[in-house]
Amino acid sequence: MFVALGLRNAWRNRGRTALGIVSMAVASVIFLSSSTLSSGYPAAAFFSTRRLLGGDVLLLPGKSALSQQDLATGGYTWAFQRKAYDSPDLTMGLDTTPYSYGAVQGTPASGDSTVSAERYAEVLQALKADSSVKTASVRQSLPFIMAKQGPTQTVLNYGFLDARDVAADLTTWNLNEVTDGQYLSPYGAAMAGVACASWAGLQVTPGGLANLQIPRYSTPPGGGTAYLDYEDYLGVSLNITGQASFSEGAGKEFRVFSDPVIFVSQSTLTSLAKDAGYPEQATYWGISVTVADMSKLENVAALFRREFPDFTVVAVSTLESAAAQRTSISAGIPMDMRRITEGIAFVTAALLSATNLTVMMLSRKNEIGILRAIGATGLNIACMVLTESVWIALLGALAGTIITQPAILWQLMSNSVSSGQVLETVGAGVGRALAFAVTTAVVFGFLPVAKALRVTPAQVLRGD
Amino acid sequence: MSDMMEIARKGFKQKIGTYLVMTLLVAFTVAGYLVVSSYWKDAASVSTAAAEPLNFPYAKATVLFAWWTNPPMSPDEEFPPPRKYAPVFNDAHLREIAGIRGVLDLTVALEEDAFNRYGSASLLSVEAGAPMWQALDLVSGRLPENATEVLVPDDMSGLGAQVGQVMAVKVPQTIMPRSYRKDNVLVDPVDPEPLKKVTITGVYKPFSSMVSGLIGYLPVNRVDDYPVTNPGKVQMPWPVPNTIFLHLADPSKAESVLTDWRGMYRDYPGAQPPLVPPVKVEWTPSLPEALMRQAASDVATPLFTNTIDAFGLGAIGIFASMFVSFLDRRRELGIMKTLGIDNSHTSGAVSMETIFAGVLGTVLGAGVAAALTGYCLKGVSGNSIAIPWTALLTGTIVAAGILLGATYIPRAMAKQGTVMELLYGRPIPIYRQRR
């Protein structure tokens, strides 16, 4: 009976009930967005950038960006380094306020920040064994200088040959669609390349030849640090079969690489590297990963950051945001922070709801006093108040769930997630939201209950 | 006042539960803010301390060779002076720049990206007679005396570079990032000799990573004026310098020196187009520390967002408890007004109680934070964390602001409520228009 009375009271005070429902709905939206939507993205998100990079997450050797873990554990010295052109670095040159032609790079206490070939192999193996990873590969490049005859003089431009997984480029990234001319072919001619339209200095008409000077890999006679000899170079004529363009949004030309690139096949790069005397690991510039499920991209990247501290892990979302907004790469929002936000959102909503109910209890002193006078116990009154509190919380959580479900479903289903997994994710999210809402409503509901139980029949009869 | 204090004291004692909750909420938010703020300041200081200093007592800037000077246009002027470009590399203007307070001397240079047989390294051609030549630590050989001679750093010497050796240097076109605030009207000067043959005349030991590549010779090149008003035709004969080094008396004041420099190119009211200062990219001696501080701030920002959320939560809690307390004692306030206590004193009594709770909460919060940071928590540095006084001041101000904001409605209602409204539970407006 007192449960029914609680529900009736909620209906009678529709205005205050609506306020409580709205605050709980907002908390549920925040919770579900934080726990599901912010974990990743729909399948087509950042497609142009991913297509340009050939992956969803990049693991760059060394420390290019400060992370929370770096601050917590320390052990690195950070030195400002000018831009170097011997190996590509996507992150250098993205810091644009001001454009600093360099960035801070972290060196561990041991003094050696290079990642060995064995470590690359170890990380690659671990990535391939991870169920959240669809494909992973070590990325390789070779620097070059291209000489072009201008109207009055020879013009030199620098760039990098970037080895691509041609099969993935054609099937996953559909690079044929954005290539003027012909994209690379798995069975095509060896010395073929595809230029990128964003780099004015590397404009070669499809069908034309790019005359490249690839520096030879050299070591000093007595041993020591190797260097690239741009004087004794390997001359190569690359047949440019096409020019790929990458645009984002309203046709805006987009580039993520801060260094100019020409795409070549793996076999072409391997052959050129061998001819120019490069050991294989000297061509490595990072590892690119394609995730199995874009809806979990941020979680996957966060896990990689913890698992591989000797790499700088950059998700495509961070890279695109840095390039588009002209800011430096940040380390990403730690996953723990989202839990705190979720908790605070629900506690705030519950506190608002409890305040609401407390005010209502004060205005219903007479009613409560009369109920006590006719024999209602404290438990009965508590039951009535808590019913109202829980009912408001349930309705609010349901409303919040309904609002966020379309976005969540779109994110999951666009990633071709199985229906079982969709049901599991949605069910778990809704269940957690409802459980949180009810729990906070019960806990904070004791505030108005305490207020209601202080009312005595004598007080009401006296008119206090 | 003393009556008000007495009423407030008794009210505080009577509603000790409510004010205890409020005190704890204030203490919670203040302590949370102080702990988080101090932790991240410690982390930021560690990150800054972990930055390797540049050891470069210069402010370096990439500059264009001309700047758009748009004299003020008075509406009375029948024939206003023509808009045109003024040369940067002009003795008078360079003297103006060198005369900025805090600048010891000025060096003009041309910096280009270059590739040679020992890898990629910048080619910094320093003007003849420039003060920077004296700062170089020459290990062997002599300084360059013409444009075909260079110095190499000692690590290149370790790879096999020798004095007297001739090597090829390739200078590609520089790729500008799209964010580079470029004057699109000026024609970019291009090195007419991208393929150079240079002779190594000496080896130097770099004193900073900022000057650690090939160092060449730049003949002095000055322009008196650009009489041509068509910007597309404004050109400087090669070699066109692109870098200015300002030797600083106090490297820590680099930012103010650069601000004074940029301030020389004022945007006059009504100028069209807006003036484009020639200074494009700047490096200051504290650049690594500044970058690390920014990076630490980027990492800390989500944490501070949650701290602000917690403040919001505290504010809601304070509002809730204060509002409920007000509703509970409406009759008491109504009786006070019946006895003749005026509105200000009535709301003043409520305010005093809030101030008691607020001060108590702030002191408690600061004490808890000090205990936590002093005895329980260790910073990233491994030491106890010190609470900076600025954080304490900010926390106190924010707590006061929250209390004021959160208790505004109850105080306003205590002040505005008439005797009848307070005694009989009628609705009370927050604001009442007085006739």
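Just so it is clear: chains get the letters A, B, ... in the order the sequence lines come, proteins before strands, and each one is counted from 1. Atom set for the values below is all heavy atoms of this structure, side chains included, hydrogens, waters and symmetry mates excluded.
- A 6.0 Å sphere centred on OH of A:Y227 holds more than 12 heavy atoms belonging to other residues, nucleotides or ligands.
- In this structure, chain A has a heavy atom under 4.5 Å from the side chain of B:L54, while its backbone stays farther away.
- Of the atoms belonging to B:D191, it is backbone heavy atoms, and not side-chain ones, that fall under 4.5 Å from chain A.
- No salt bridge links A:R216 with A:D229; every basic N to acidic carboxylate O contact stays at or beyond 4.0 Å.
- Residue with the most contacts toward chain B among A:T154, A:I145, A:V155: A:I145 (heavy-atom pairs, distance under 4.5 Å).
- Of the charged side-chain nitrogens involved, none lies within less than 4.0 Å of a carboxylate oxygen, so that B:E112 and B:K170 do not count as a salt-bridged pair.
- A:K63 forms a cation-pi arrangement with A:Y76, by the criterion of a distance under 6.0 Å to the ring centre and an angle within 45° of the ring axis.
- Only the backbone of B:V171 comes within less than 4.5 Å of a heavy atom of chain A; no side-chain atom from C-beta onward does.
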